Amino acid sequence: QVQVVESGGGLVPAGGSLRLSCAASGPTFKIVTMAWFRQAPGKEREFVSAITWSGGSTYYADSVKGRFTISKDNAKNTVYLQMNSLRPEDTAVYYCAGDSSSSGHYSSIYEYNYWGAGTRVTVSS
C-alpha cells in the first residue's frame with residue numbers, strides 16, 4: 001500500500017510563504033497523479049493542485065493560480081507545494097493524495113486512493 005506523509009505546515013503572516021512536502025513510500029510505481037487538497041473549518045475538502053507522476057503536467061485551482069507552484073522529485077518520491085503571497089483564506093489543513101488510476105479527474109477527491117493525515121497551515125491577517 002502506498003503511504004503519503006505531509007510536512008511543512010505552520011503559522012505565517014499574510015503575504016508570506018510556505019513550502020509543503022509530501023513523501024510517498026511503498027509501491028510508488030502505482031502512482032499516476034499526486035495532488036494537494038485543503039479543508040478549511042466548516043468547509044468541504046477542495047482541490048488545490050495536481051501533478052502527473054511521469055510527465056509532470058500540472059493543474060491548479062483558480063484560487064491559487066499564480067501564487068502556488070507544485071513540483072516533484074521522482075528520485076525522492078516527494079511532491080512539493082510552494083505557496084507564496086499567502087492570504088488568510090488559505091488557512092486550512094492541507095492534504096496530500098495519490099492516485100493509481102488514469103481517469104484524469106485530477107480535481108475530484110474520489111479520484112484519489114492514497115491520503116495523508118494532513119498538515120495545518122494558518123495565515124494570520
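Values in this document were obtained by computation on a predicted structure and should not be read as measured data.
The heavy-atom pair separating Asn113 from Ser100 by the smallest distance is ND2-OG, 2.7 Å. Ala92 approaches Arg38 most closely through the heavy-atom pair CB-CB, 3.8 Å. Closest of all the heavy-atom pairs between Pro13 and Ser124 is CA-OG, 3.4 Å. Between His105 and Glu111, the closest heavy-atom pair is O-CB, 3.3 Å. Contact record, Ser17 with Ser85: OG-N, 4.4 Å, taken as the closest heavy-atom pair.
Here the straight-line distance linking atom CD of Gln3 with atom SG of Cys96 works out to 12.5 Å at 0.5 Å rounding. Within the model, atoms OG of Ser54 and CG of Asn74 stand 8.5 Å from one another, a figure rounded to the nearest 0.5 Å. The line from OG of Ser101 to NZ of Lys30 is 13.0 Å long, rounded to the nearest 0.5 Å. Between Leu11 atom CG and Arg120 atom CZ the span is 11.5 Å, to the nearest 0.5 Å.
The other residues sharing a hydrophobic cluster with Met83 are Val2, Val4, Val12, Leu18, Leu20, Ile31, Met34, Trp36, Val48, Ile51, Trp53, Tyr60, Val64, Phe68, Ile70, Val79, Leu81, Leu86, Tyr94, Tyr114, Val121, Val123, where clustering joins ILVMFWY side chains under 4.5 Å apart. In the hydrophobic clustering, where aliphatic and aromatic side chains (Ile, Leu, Val, Met, Phe, Trp, Tyr) are joined below 4.5 Å either directly or transitively, Phe47 groups with Phe37, Tyr59, Val93, Tyr95, Tyr106, Ile109, Tyr110, Tyr112, Trp115. Other members of a hydrophobic cluster containing Tyr80 are absent, since no ILVMFWY side chain comes under 4.5 Å of it, directly or through relayed contacts.
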For a salt bridge (charged side-chain N to carboxylate O under 4.0 Å, His left out) check, start with the C-alpha distance between Asp90 and Arg87, then their side-chain angles and the critical distance, and finish with the verdict.
CA-CA 5 Å; Asp90 294 318; Arg87 305 167 180 168; 5.3 Å; no
Please test Ser71 against Gln82 for side chain to side chain donor-acceptor pair (under 3.5 Å), starting from the C-alpha separation and ending with a verdict.
CA-CA 8 Å; Ser71 61; Gln82 178 66 43; over 6 Å; no
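Between the side chain of Glu6 and the main chain of Thr119, no donor-acceptor pair closer than 3.5 Å is present. In terms of modelled atom types and a separation under 3.5 Å, the side chain of Ser125 and the main chain of Pro88 share no donor-acceptor contact.
Within a 6.0 Å sphere centred on NZ of Lys65, heavy atoms belonging to other residues, nucleotides or ligands number more than 12.
The shortest distance between side-chain heavy atoms of Lys76 and Ser21 does not fall below 4.5 Å.
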